[in-house]
Structure formats: structure tokens, C-alpha cells
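The structure appears below as C-alpha cells.
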Amino acid sequence: MKNKIKHLTENPGKKPGRNLNKNFRVLRELVKLRFHNLTVFRLDFFGPFFVDGSLFLIQLLAFQAVYANVESVGSWRSGEMIVYIGTFSLLNAVSMTVCFFGLISIPGKIMSGEMDLYLTKPVSPLFRLTFEKMNPGSVPLMLMSLCIIVYGIKAGGIVIKGENLCAYFFWLAVMSIMYYNMEVLIRSMSFYIISNARLDQLEEACLDLCMKLPGIAFYGIFKVIFYVLLPYGIMATLPVQSLIGEMTWKTAVFGITVAAAFSLLTYFVWTRGMKRYNSASS
């Protein structure tokens with residue numbers, strides 16, 4: 001199977017239109033290889049089920065401790081807050097399943113020079129880094145997050161309209177891309193700085209805070225920080241607002257603008273970093 005991936009990556013198509021098809025074929029082989037490796041080492045396959053499940057329970061207990069005596073946060077009552085927690089957990093679970101374990105290896109590969117191996121392949125280095133370490137152990141966390149969302153809808157007596165549900169899934173997709181962009185952006189800073197540890201700590205602190213506190217709770221400078229500079233505050237807030245019918249067209253335009261801006265910023269920082277990357281052997 002490794003030879004098959006090597007064949008796919010070392011023989012680029014002559015026509016530009018073949019690039020997309022080639023990427024899909026490489027992705028298919030990476031998925032097969034990843035599942036093969038995980039099933040060979042059974043603990044690597046089943047371990048994440050228990051770890052992620054435990055973390056999910058801890059998050060729910062933390063939520064219960066924080067909001068046990070709080071009737072509402074802004075205009076949101078307990079039902080909306082449960083949906084919010086489930087939505088943020090779902091975004092995190094999608095990232096953990098698809099790309100997180102590949103992206104966190106970027107700083108180490110830059111420091112060690114292992115990035116050289118990715119540059120020798122015609123497939124985009126970021127594409128391969130994104131999908132080469134997918135983690136099926138986080139799939140149950142996705143399912144549990146969906147259960148929490150459904151429970152929050154029922155507990156809060158939230159009436160869901162068809163157009164709101166469609167808008168919710170749309171914003172989930174947009175914010176999943178935003179979540180991905182932030183992960184890539186933070187790791188891409190390793191092209192420019194020696195240690196990425198402080199940025200990792202910043203990311204962890206922002207995620208921990210915004211997972212417990214929705215964006216509607218931020219005002220003043222805090223809203224600027226968590227809506228614009230570090231937009232973790234909008235990642236689960238906008239999908240929930242679209243689901244419960246609170247989203248205005250101004251909020252929608254703002255969300256799309258921020259998502260587009262961070263996509264362009266991530267692309268710029270990554271491509272610029274790849275150009276200034278110095279091989280470990282140079």
C-alpha cells in the first residue's frame with residue numbers, strides 16, 4: 001500500500017484537471033493505510049474511544065458545574081447552552097477525526113527537517129499532512145455531540161424549521177473550515193519562530209474558554225478579541241444562532257467575511273512559510 005501511495009505521488013498527471021482526481025486517490029490510499037496501521041496496533045485503534053469519551057464526560061461535568069445555578073446567558077437559556085456545548089464539541093470532534101493529529105506534527109517536522117520529504121512529492125504537503133493521521137477513535141465523540149445537540153433542542157423546547165436546520169449545517173461547514181484554518185495558522189508560525197509552545201497554550205486556553213462561554217456573552221474588547229482577532233467565539237455561536245432563528249443578515253455577512261479573511265490569511269502564511277523554509281540538510 002505504501003508503494004501505491006508512492007506511485008500516486010511520484011507520477012503527477014500531465015493535465016491540470018487530473019490534480020483533483022489524483023488527490024482523491026492519494027486520500028483513499030492514506031485512509032486505507034491509516035486504518036491498516038491502527039488495526040495492527042489495537043491499542044492505538046481502541047484507545048482514543050475511551051480517551052475521547054472520558055474527555056467528553058469531563059466537559060459535560062464542567063458544564064453542569066458552571067451552569068447549574070445560572071438560568072440564562074444573555075438571551076440563551078439552558079436548552080440553547082446545551083446545543084452550544086454540543087456544537088462546539090462536534091466541531092472539535094470533526095477536527096480530531098480528520099486532521100488534528102496530522103497538523104500538530106507540523107512544527108516538529110519543520111524543526112527536524114522532515115518536511116523535506118513532503119516537498120519532494122507533487123501532492124501538496126498540507127494536503128498530505130492534513131489527512132495522513134486521521135483518527136477514527138474520535139468518531140464516537142461526534143455521535144455523542146449530536147446526541148447532546150438533540151437533547152438540548154428537546155430540553156429547551158426549541159422549534160426547528162427546515163430552513164434553520166439547513167442554515168445550521170451550512171454554518172457548521174463554514175466554522176469547521178474556520179477551525180481548520182486556525183489550527184493550520186498557528187502551526188504555520190513555526191516557519192517564522194523557534195518555538196510554537198506559547199501559541200499552542202494560547203489556542204488551548206481560547207478553546208477551553210469559548211467552549212464554556214458562547215460568543216453572545218462577550219462585550220467590548222473581549223468581543224473584538226474573540227470575534228475578530230481570535231475568532232473562537234463565533235465558531236459555535238453562529239451555527240446555534242442560525243438554528244434558533246436569532247441570526248441577522250449583518251451577523252451572517254460578518255461571519256462569512258471573517259471566515260474568508262482567515263482562509264486567505266492562512267493561505268498566505270502557509271505559502272510564504274513554505275517559500276522561506278530552509279531544509280535541514282541545507
Side-chain angles (χ1 to χ4, degrees), residues 27 48 52 55-56 59 63 83-107 124 126-146 148-149 167-190 196 199-216 218 223 225-243 247 251-252 254-270:
L27 176 60
D52 291 339
L55 289 175
F56 185 77
Q59 291 167 358
F63 167 77
V83 174
Y84 175 83
I85 296 295
T87 300
F88 211 118
S89 180
L90 180 60
L91 291 171
N92 179 65
V94 170
S95 173
M96 295 282 286
T97 302
V98 177
C99 61
F100 176 75
F101 291 99
L103 296 180
I104 61 172
S105 67
I106 290 175
S124 165
L126 184 56
F127 179 85
R128 183 154 185 169
L129 285 164
T130 297
F131 296 108
E132 71 176 358
K133 290 187 178 179
M134 287 179 284
N135 176 34
S138 294
V139 171
L141 183 57
M142 294 172 59
L143 300 177
M144 287 187 285
S145 299
L146 290 172
I148 292 297
I149 294 170
Y168 177 75
F169 286 116
F170 168 77
W171 283 106
L172 273 181
V174 172
M175 291 302 132
S176 293
I177 296 173
M178 171 75 83
Y179 200 110
Y180 171 78
N181 284 335
M182 293 301 296
E183 289 183 315
V184 175
L185 182 60
I186 288 175
R187 274 80 197 178
S188 297
M189 296 307 296
S190 296
N196 211 53
L199 290 176
D200 288 340
Q201 292 174 358
L202 175 64
E203 178 190 43
E204 184 177 352
C206 289
L207 288 172
D208 185 62
L209 173 64
C210 293
M211 191 167 192
K212 297 181 177 68
L213 199 61
I216 61 170
F218 295 119
K223 193 165 187 175
I225 293 174
F226 293 110
Y227 268 57
V228 180
L229 302 180
L230 296 168
Y232 295 100
I234 69 173
M235 289 182 180
T237 301
L238 297 191
V240 175
Q241 285 182 319
S242 67
L243 184 66
M247 178 174 286
T251 303
F254 172 79
I256 293 295
T257 302
V258 172
F262 270 87
S263 294
L264 292 174
L265 177 62
T266 302
Y267 174 79
F268 174 80
V269 172
W270 173 265

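Index from 1, following the sequence.
- Residues Leu185 and Asn181 have side chains not in contact (no heavy-atom distance under 4.5 Å, counting atoms from C-beta outward).
- A donor-acceptor contact under 3.5 angstrom links the side chains of Thr87 and Tyr168, judged on distance only.
- Looking only at distances, a side-chain donor or acceptor of Ser188 sits under 3.5 Å from a matching main-chain atom of Val184.
- Arg187 approaches Leu103 most closely through the heavy-atom pair CG-O, 3.3 Å.
- Distance check: Leu172 CG to Ile149 CD1 gives 6.5 Å after rounding to the nearest 0.5 Å.
- Looking at heavy atoms from C-beta onward, Cys210 lies out of side-chain contact with Met235 at the 4.5 angstrom threshold.
- Once rounded to the nearest 0.5 Å, the distance linking CZ of Phe268 with OG of Ser263 reads 15.0 Å.
- Put simply, the side chain of Asn196 gets close to the backbone of Ile186: a donor and an acceptor are under 3.5 Å apart.
- More than 12 heavy-atom neighbours from other residues, nucleotides or ligands sit within 6.0 angstrom of CZ on Phe170.
- Between Phe226 and Leu209 there is a side-chain heavy-atom pair separated by less than 4.5 Å.
- Between the side chain of Tyr232 and the backbone N or O of Gly215 there is no donor-acceptor pair closer than 3.5 Å.
- Nearest heavy-atom pair across Phe218 and Gly233 is CE1-CA, 4.4 Å.
- Contact of the Trp171 side chain with the Val240 side chain is not registered, since no non-hydrogen atoms from C-beta on lie closer than 4.5 Å.
- The two residues Ser145 and Gly86 come nearest to each other via the heavy atoms CB-O, 3.5 Å.
- Atoms CD and OG1, on Glu183 and Thr130 in that order, are 9.5 Å from each other to the nearest 0.5 Å.
- Residue Ile148 holds its CD1 atom at 11.5 Å from CG of Leu90, rounded to the nearest 0.5 Å.
- For Gln201, the CD atom is densely surrounded, since the number of other residues' heavy atoms within 6.0 Å is greater than 12.
- Taking every heavy atom of both residues into account, Ala93 and Met142 meet most closely at CB-CG, 3.4 Å.
- Put simply, CD1 on Ile177 and CE on Met182 are 14.5 Å apart, with the number rounded to the nearest 0.5 Å.
- Met178 places a side-chain heavy atom less than 4.5 Å from the side chain of Val258.
- Put simply, the side chain of Ser89 does not reach to within 4.5 Å of the side chain of Met144, judged on heavy atoms.
- Looking at Gln241 and Ile216, their side chains come closer than 4.5 Å, going by heavy atoms from C-beta outward.
- For Phe254, the CZ atom is densely surrounded, since the number of other residues' heavy atoms within 6.0 Å is greater than 12.
- Contact between Met211 and Ile85 at its shortest, heavy atoms only, is O-CD1, 2.8 Å.
- Considering every non-hydrogen atom in both Ser105 and Leu129, the closest pair reads OG-CD2, 4.1 Å.
- The CG atom of Leu141 lies 7.5 Å from the CE atom of Met96; values are rounded to the nearest 0.5 Å.
- Proximity of Tyr179 to Asn92: side-chain heavy atoms (C-beta onward) are separated by under 4.5 Å at one or more points.
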